[in-house]
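Structure first, then comments.
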Amino acid sequence: MNILVLGSGGREHAIAWALNKSPKCEKLYVAPGNGGTAGFAENVGGLNAEDGAAVLAFAQEHAIDLVVIGPEAPLVAGVADVLRAEGIPVFGPDAQGAQLEGSKTFCKEFMMRHNLPTAEYLSTSDEAAAHAYIDEKGAPIVVKADGLAAGKGVVVAQTAEEAHAAVTECFAGAFGDAGSTVVVEECLTGPECSMLAFVSAGKAYCMAPSQDHKRAYDGDEGPNTGGMGAYSPVPIVTDEELARMEEVMAQAAAATAEEFDHDYRGVLYGGFMLTPAGPKLLEYNARFGDPETQVVLPRLNSDLVDVMLAVAEGRPDDIELEWADKWAVTVVLASEGYPRAYEKGKVITGIDAADALDDVKVYHAGTAMRDGQLVTSGGRVLNVTAMGESFQSARELAYKACGLIQFEGKQNRTDIGQRAINGRSSWD
Ligand code: AMP
Ligand code: GLY
């Protein structure tokens with residue numbers, strides 16, 4: 001089969017790597033790809049992944065049998081719709097399904113209609129109403145820009161002043177059109193847990209749970225980032241919580257079949273908070289998580305081409321998921337300054353030595369080849385994933401591998417997974 005993956009991050013490297021392991025994968029393209037995917041697939045630099053017509057033309061010209069859409073932007077832009085209309089199997093929902101991620105209001109209304117557990121909220125495009133809701137409910141309270149804001153449109157306000165300021169900023173255009181409607185919601189507490197599911201024809205096949213680390217610095221301090229590390233499965237989740245999350249994902253999948261115009265075919269990502277009153281949804285995303293994918297897919301023993309094709313063709317009963325009985329931990333190596341301004345073009349060494357360790361895989365997130373050398377080209381540069389028989393051993397191996405890799409300004413958290421080792425009480 002000829003397969004095209006859209007995207008350029010660590011998530012797409014992990015997806016492409018898993019697809020490439022399948023004997024069914026003959027020719028693999030990644031558009032635009034990165035320094036890591038260049039090693040085993042053909043990077044397609046000139047293709048705009050958000051331009052449906054351009055992706056369709058490429059797919060037809062290269063006889064592509066399956067298109068896998070990694071990031072949210074092409075999904076929200078309707079790239080899947082264009083491809084599906086021409087009969088090309090696509091892994092990723094159409095634009096309507098992607099609204100679950102593209103609009104927080106759309107998502108909250110979906111959750112309400114289907115009685116899915118989530119925080120109480122107000123969605124409004126009337127600034128005065130947002131301020132009045134904050135006055136009524138008090139702090140702590142959460143303010144979110146409605147649309148896509150690359151993870152930056154959320155303020156968890158500890159005081160009413162902070163919340164009012166966030167609302168003012170949103171309506172002043174800090175997030176462009178994405179902030180012309182805001183969602184103000186109840187502040188939930190507890191550990192976060194990501195539950196990703198393959199969804200097709202109204203059925204959900206949950207993957208192993210995982211946990212991201214969104215803050216930039218140790219101790220969950222500093223600004224929010226795209227994610228600084230992750231692990232899977234999650235030792236602090238109880239069987240009861242796991243069952244409840246799976247139930248919520250199944251309910252949501254059934255709801256997509258019931259009310260959407262076209263079948264939702266792709267990943268549905270439930271971002272949960274494990275509150276004292278049970279797991280509640282913070283959000284849905286319409287794609288794999290980044291960096292969660294880098295700890296979930298390495299544990300998948302099943303053939304990912306079979307799974308994705310079954311999803312894309314609406315054959316959920318053919319989905320079989322087998323997981324390695326191992327723990328996985330990934331640590332993000334970032335550029336100095338990330339998530340704020342950072343320099344690019346720093347020469348990277350030591351990846352081969354790290355990759356040569358048993359049970360270690362280095363996924364590239366922001367790398368490029370320049371004059372025959374691998375250099376940094378993004379804020380999150382590499383995801384160093386290790387697997388182990390125990391959580392502790394996977395974690396130690398990941399940090400050992402991180403130590404072998406060097407580039408000027410290398411920055412990483414040193415406490416990925418530490419709270420899970422300390423136990424549930426470390427979230428109290
Ligand atoms: P989101 O983009 O909706 O996932 O929000 C980004 C981050 O903000 C989440 O990962 C949480 O850490 C935090 N967050 C979002 N909503 C809430 C909430 N209702 N209560 C507490 N924290 C939240
Ligand atoms: N790791 C968070 C996300 O992918 O949205």
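Keep in mind the model is a prediction, meaning the values are calculated, not measured. Every number for a ligand or one of its atoms is a count from 1 in the order of the listing.
Between K21 and D303, no side-chain nitrogen of the basic residue sits less than 4.0 Å from a carboxylate oxygen of the acidic one, so the salt-bridge criterion is not met. Salt-bridge check for D220 with R419: passed, with a basic side-chain N closer than 4.0 Å to an acidic carboxylate O. Between E336 and K410, no side-chain nitrogen of the basic residue sits less than 4.0 Å from a carboxylate oxygen of the acidic one, so the salt-bridge criterion is not met. A salt bridge links R287 with E101; the closest basic N to acidic carboxylate O contact falls under 4.0 Å. With respect to the salt-bridge test (charged N to carboxylate O, under 4.0 angstrom), the residues R265 and E313 do not qualify. Residues K104 and E185 are not paired through a salt bridge, judged by the lack of any N-O separation under 4.0 Å between the basic side chain and the carboxylate. In summary, E241 and R424 engage in a salt bridge, as defined by a charged side-chain N under 4.0 Å from a carboxylate O.
Considering backbone and side-chain N/O atoms, L188 comes within less than 3.5 Å of an N/O atom of ligand 1. Some N or O of D290 is nearer than 3.5 Å to an N or O of ligand 2, by distance alone.
Of all the atoms in ligand 2, the ones that sit under 4.0 Å from a non-hydrogen atom of Y269 are 1 (N), 2 (C), 3 (C), 4 (O), 5 (O). If you number the atoms of ligand 2 from 1 as listed, the ones under 4.0 Å from a heavy atom of G289 come out as 4 (O). Within ligand 1, the atoms closer than 4.0 Å to a non-hydrogen atom of K214 are 10 (O), numbered from 1 in the order shown. Counting atoms of ligand 2 from 1 in the listed order, those under 4.0 Å from a heavy atom of D212 are 1 (N), 2 (C). Close approach of ligand 2 to N285 (heavy-atom distance below 4.0 Å) involves ligand atoms 5 (O). Near E185, the atoms of ligand 1 lying under 4.0 angstrom from a non-hydrogen atom of the residue are 16 (N), 17 (C), 18 (C), 19 (N). Short contacts between ligand 1 and E192, defined as distances under 4.0 Å to a heavy atom of the residue, involve ligand atoms 9 (C), 10 (O), 11 (C), 12 (O). Atoms of ligand 1 found under 4.0 Å from any heavy atom of K144, numbered from 1 in the order shown, are 3 (O), 15 (C), 16 (N).
Within the 4.5 Å cutoff, side-chain heavy atoms of Y217 are placed close to those of P223.
Only the side chain of E292 comes within 4.0 Å of ligand 2, judged by heavy-atom distances. In E186, the part holding a heavy atom less than 4.0 Å from any atom of ligand 1 is the backbone.
Nearest residue to atom 14 (N) of ligand 1 from I141, V156, V184, V183 is V156 (criterion: closest heavy atom).
Between H114 and F110, the ring planes are tilted. Angles from 30° to 60° get that label. Using a 30° and 60° split on the angle between ring planes, F288 and F91 fall in the parallel class, below 30°.
Looking only at protein heavy atoms, the nearest one to atom 5 (O) of ligand 2 is R287 NH2, 2.9 Å.
Residue contacts with ligand 1 do not include G271, since none of its heavy atoms lies under 4.0 Å from the ligand.
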